[in-house]
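Below: one structure, written as structure tokens.
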Protein chains: 2
Amino acid sequence: MTQSFADLDWSLVQTFLAVAETGSLSAAARVLGVSQPTLGRKVREIEAALGAELFMRHAKGLALSETGAAMLGPAQAMREAAGRLALMAAGEDRRLTGPVRITASVVVSHFVLPPVLTRLRREEPGIEIDLVASDSSENLLFREADIAIRMYRPGQLDVVTRHVTDLGMGIYAATGYLDRVGRPADVDGLLALDWVGFDRNEMILRGMAEAGWRVGRDFFKLRTDDQAAYWQLVRAGGGVGIMQQAIGAAEQLVERLVPELPLPSLPVWLTAHETVRRMPRVARVWEALVAAFGALS
Amino acid sequence: MTQSFADLDWSLVQTFLAVAETGSLSAAARVLGVSQPTLGRKVREIEAALGAELFMRHAKGLALSETGAAMLGPAQAMREAAGRLALMAAGEDRRLTGPVRITASVVVSHFVLPPVLTRLRREEPGIEIDLVASDSSENLLFREADIAIRMYRPGQLDVVTRHVTDLGMGIYAATGYLDRVGRPADVDGLLALDWVGFDRNEMILRGMAEAGWRVGRDFFKLRTDDQAAYWQLVRAGGGVGIMQQAIGAAEQLVERLVPELPLPSLPVWLTAHETVRRMPRVARVWEALVAAFGALS
DNA sequence: ATTGTGTCATTCAATATTGAATAGCACACC
DNA sequence: GGTGTGCTATTCAATATTGAATGACACAAT
């Protein structure tokens, strides 16, 4: 029997939102931690319940229909309310055990956090960590992450921020690349080399401007906003790039260029909603991150 | 593994709301159409997921804790958003088959609608009807009902209203009661009898005021706001009461008193959200109700 | 034309969830 | 004290749901 509108299962709306935002059942399944056939059934279920086609099926995923697009507003309003609800409950949660979700940039996730979190897991086996490697800004207000590690000071309301370190930066190029083009003796020689940069992300442009180098986007002949891909391009000899000293130093395939050149360092901020920050297990992870980043200075 | 806050199953919030508003697992189970053990498990599940105690258990049900009370706001915001979402989808639903939810007062539900809905079921077997007998005002904005039958013109925004009939009212008393106290010859004799009235509901007081009878709440020696109980009290000889003529006429155990006395009639309004009203199966039920109430005039 | 990739839809064994039945409790009524 | 009522918590057979495996499809790359 078809259920009434008033009886719509709200978890179906959750499913709808995930599929709408990822663009496919498979991707949404990965995000939600369920299987693709399960999501397929749930999408059909909400479409049947509402008597409306919310998605148009394609070989490479699902696109929102007009109806589906119209529903995004209220669906996102539900998520906002659900996040507020979770925040209220967080104030009551005194458990030291349970999950903590951390979001950090791809590079920090790959190179900085693994040893930190591994040690924390040994010290606090009751705390489970979800690490979300993402260069986008998660919304802490809605409990999409408990702690965010950022390279800028977030300006969101009601969040606690703490400056934990400044990451020293260095200029690197692959040994193979340098063997081929020669090692520059000065800044002019350095700037004449091929450079790897970001695409739309202006962080490097701003950093170079701060160092007094007026360059434009086309100065970089290889561009990507994916930070992991960025470093792989540099490692592979794609050109000169900028990376954290701790990461560059650990890499055998690259050489640091012109080490005496002062570069602006990269500030690292921990961020959390103040209610969430007070939860015992989040506070414990926060302390561990403060100590770990402090040791990097 | 304890799930993360971000992964909270929204149907658990739905459960929380139903239990919070009904005050017990058993009552909420009846409302939601699931079993009491199922709701018991789901309440424990959301409490575990949020790491907070939302309810205080009692022998006669569950009372909200402070945390639970604080969560009502965002939970109700979710329901509001879910209702808006359902309304948007309703505009797309062109099916003539499926469920339609009607809410009407207890008396109309008991005495007027059964033959109407029975005939409609024969004519449109693809339409399923949920009849909610309730004297409270459902919220049509949130799709808590598709069509409401009311004795007053609703003032809600975006709803379509239609005045379908005026119900003639009459004064009745049980034959047994009248045999015992005598049949009044005039209005003074009538007012000297015992009367059955409402408790907090002022509808009868207002009706009598309109008829020029200034009486107070204590004029009624038997009082209930439950309209079915009201009529049963009159039928059982509890005193004089006012009822729709169609209902009074069909009842063998009562007699109409002072038929020449003009009473204000009771207007009947059909109400539906305008988007919902356009859905084919809701439009069909609306037509059937218009025709049925029209035949009562 | 062939191959590889990522997608959705289907099947069915495995797993999870549900609800009937029941126990136990608190309270009101007699 | 005994009985009736309405509640929550527990057990376990019945039922529903899930996901592994698979087929089919569209598209890009070769």
Side-chain angles (χ1 to χ4, degrees), chain A residues 1-4 7-50 52-65 67-69 99 224 226 228-229 232, chain B residues 1-4 7-50 52-65 67-69 224 226 228-229:
Chain A
M1 181 208 274
T2 320
Q3 65 187 350
S4 171
D7 301 331
L8 183 67
D9 183 341
W10 292 359
S11 69
L12 294 175
V13 184
Q14 223 168 351
T15 295
F16 162 75
L17 209 45
V19 175
E21 288 173 349
T22 57
S24 82
L25 296 174
S26 303
R30 290 191 291 273
V31 165
L32 294 178
V34 297
S35 74
Q36 173 262 317
T38 297
L39 280 204
R41 281 189 294 264
K42 286 187 179 300
V43 165
R44 283 194 294 278
E45 189 179 342
I46 189 174
E47 284 181 321
L50 295 177
E53 214 171 84
L54 308 181
F55 296 102
M56 293 174 297
R57 268 82 171 162
H58 299 287
K60 286 286 190 181
L62 282 69
L64 278 167
S65 65
T67 308
T224 179
D226 186 306
Q232 295 303 332
Chain B
M1 182 207 277
T2 320
Q3 67 187 346
S4 172
D7 301 330
L8 182 69
D9 183 341
W10 292 359
S11 69
L12 294 176
V13 184
Q14 221 167 353
T15 296
F16 161 75
L17 210 45
V19 175
E21 289 174 349
T22 58
S24 81
L25 297 174
S26 302
R30 290 191 291 273
V31 166
L32 294 178
V34 298
S35 74
Q36 173 261 317
T38 297
L39 280 203
R41 280 190 293 266
K42 286 189 179 300
V43 165
R44 283 195 292 280
E45 190 180 342
I46 189 174
E47 286 181 319
L50 295 177
E53 217 171 83
L54 308 180
F55 296 101
M56 294 174 296
R57 267 82 169 160
H58 299 288
K60 285 289 191 180
L62 282 70
L64 279 168
S65 65
T67 307
T224 178
D226 186 306

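Naming convention: chains lettered A, B, ... in sequence-line order (proteins, then strands); numbering from 1 in each chain. Owing to the predicted nature of the structure, the values given are computational and were not obtained by experimental measurement. Quick note: numbers below take in every heavy atom, side chains included, and nothing from hydrogens, waters or symmetry partners.
Two residues, A:Lys60 and A:Arg41, neighbour DNA chain D, and the one matched to the more 5' nucleotide by heavy-atom proximity is A:Arg41.
Between B:Trp10 and A:Thr15, the closest side-chain pair of non-hydrogen atoms is not below 4.5 Å. Contact check for A:Val43 versus A:Phe16: no side-chain heavy atoms found under the 4.5 Å cut-off.
Within 4.0 Å of A:Gly61, counting heavy atoms only, lie sugar-phosphate atoms of the nucleic acid but no base atom. Among the heavy atoms of the strands lying under 4.0 Å from A:Ser26 are primed sugar atoms or P, OP1, OP2 only; no base atom is included.
Once you apply a 4.0 Å limit to the heavy atoms of chain B, the touched nucleotides of DNA chain C run 5' to 3' over C:dT18 to C:dA26.
Atom pair B:Glu45:CD and D:dA9:P shows a separation of 15 Å (rounding to whole Å applied). Between the C1' atom of D:dT8 and the CZ atom of B:Arg30 lies a distance of 13 Å, rounded to the nearest Å. Whole-Å rounding puts the B:Leu62 CG to D:dG6 C1' distance at 13 Å. Taking atom CD on B:Glu53 and atom P on D:dT8, their separation rounds to 15 Å, with Å as the unit.
Taking every heavy atom of both residues into account, B:Ser24 and B:Gly61 meet most closely at CB-CA, 4.0 Å.
In terms of the salt bridge (charged side-chain N to carboxylate O under 4.0 Å, His left out) criterion, residue partners of B:Arg57 (sequence neighbours excluded) are, by chain and number, B:Glu47.
The backbone N or O of A:Leu8 lies less than 3.5 Å from a partner atom in the side chain of B:Gln14, making a donor-acceptor pair. In this structure a side-chain-to-backbone donor-acceptor pair under 3.5 Å is present from A:Ser65 to A:Glu53.
Nearest to the side chain of A:Pro37, among D:dA9, D:dA20, D:dC7, sits D:dA20.
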